[in-house]
Amino acid sequence: MFKTRVLICDKDESYLNALVRYLIASESSFDITCFSEEEAFLRDEGEYDVKLMTENFIELEANGVGKKGEL
């Protein structure tokens with residue numbers, strides 16, 4: 001069975017927890033990874049089908065700081 005790989009990044013841990021609980025309850029096939037800390041996000045090397053990220057995480061990804069192919 002194919003699972004949609006989802007990355008969720010937001011500094012609001014309550015929001016992350018609520019969204020993950022909602023997605024799990026939806027009975028869809030998701031493989032969910034979430035980060036509320038930028039340092040942990042920067043260490044991640046996963047590949048994702050869908051990304052839900054706040055602006056600060058988008059900027060980090062765009063700049064490639066700490067990711068594969070570091071600047």
Side-chain angles (χ1 to χ4, degrees):
M1 175 188 282
F2 174 77
K3 288 190 173 190
T4 302
R5 295 167 298 189
V6 179
L7 173 66
I8 307 170
C9 298
D10 193 299
K11 289 188 175 189
D12 184 343
E13 290 184 34
S14 297
Y15 168 76
L16 285 177
N17 291 331
L19 182 54
V20 169
R21 283 193 303 271
Y22 172 79
L23 291 173
I24 290 171
S26 74
E27 298 183 19
S28 296
S29 295
F30 293 115
D31 180 10
I32 303 168
T33 302
C34 58
F35 296 104
S36 61
E37 297 178 6
E38 294 173 349
E39 296 80 19
F41 167 72
L42 291 172
R43 290 189 300 270
D44 181 59
E45 294 186 1
E47 298 290 325
Y48 303 97
D49 301 310
V50 177
K51 296 178 182 179
L52 303 171
M53 301 167 30
T54 56
E55 189 173 327
N56 56 314
F57 287 98
I58 292 170
E59 289 174 7
L60 286 174
E61 183 178 56
N63 293 330
V65 177
K67 292 286 196 178
K68 297 181 235 178
E70 291 182 46
L71 294 177

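The residues of the chain are indexed from 1 along the displayed sequence. Bear in mind the structure is a predicted one, so any value in this text is a computation, not a measurement.
For the atom pair CG of Asn17 and SG of Cys34, the computed distance is 7.0 Å after rounding to the nearest 0.5 Å. Taken to the nearest 0.5 Å, the CZ atom of Arg21 stands 10.5 Å off from the CG atom of Leu16.
Side-chain heavy atoms closer than 4.5 Å link hydrophobic residues (I, L, V, M, F, W, Y) into clusters, and following such links, possibly through other members, connects Phe30 to Leu52.
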*Given the rule in the side-chain contact (heavy atoms from CB on, under 4.5 Å) test, do Tyr48 and Thr33 qualify, once you have shown the distances and angles that lead to the verdict?*
CA-CA 9 Å; Tyr48 303 97; Thr33 302; 3.5 Å; yes
*Check the pair Val6, Asp31 against side-chain contact (heavy atoms from CB on, under 4.5 Å), reporting the backbone distance first and the verdict last.*
CA-CA 6 Å; Val6 179; Asp31 180 10; over 6 Å; no
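Among residues two or more places apart in sequence or in another chain, the side-chain contact (heavy atoms from CB on, under 4.5 Å) test is passed with Glu39 by Glu37, Arg43. With sequence neighbours excluded, no residue forms a ring-ring contact (aromatic ring centres under 6.0 Å, His included) with Phe35.
For residues 5-20, every residue pair satisfying the salt bridge (Lys or Arg N to Asp or Glu O under 4.0 Å) rule, not counting sequence neighbours, is listed here: Arg5-Asp49, Lys11-Glu38.
Side-chain contact between Val50 and Thr4 is present, with heavy atoms from C-beta onward closer than 4.5 Å. Side chains of Phe41 and Leu7 form a contact here, defined as non-hydrogen atoms less than 4.5 Å apart. Proximity of Ile8 to Met53: side-chain heavy atoms (C-beta onward) are nowhere separated by under 4.5 Å.
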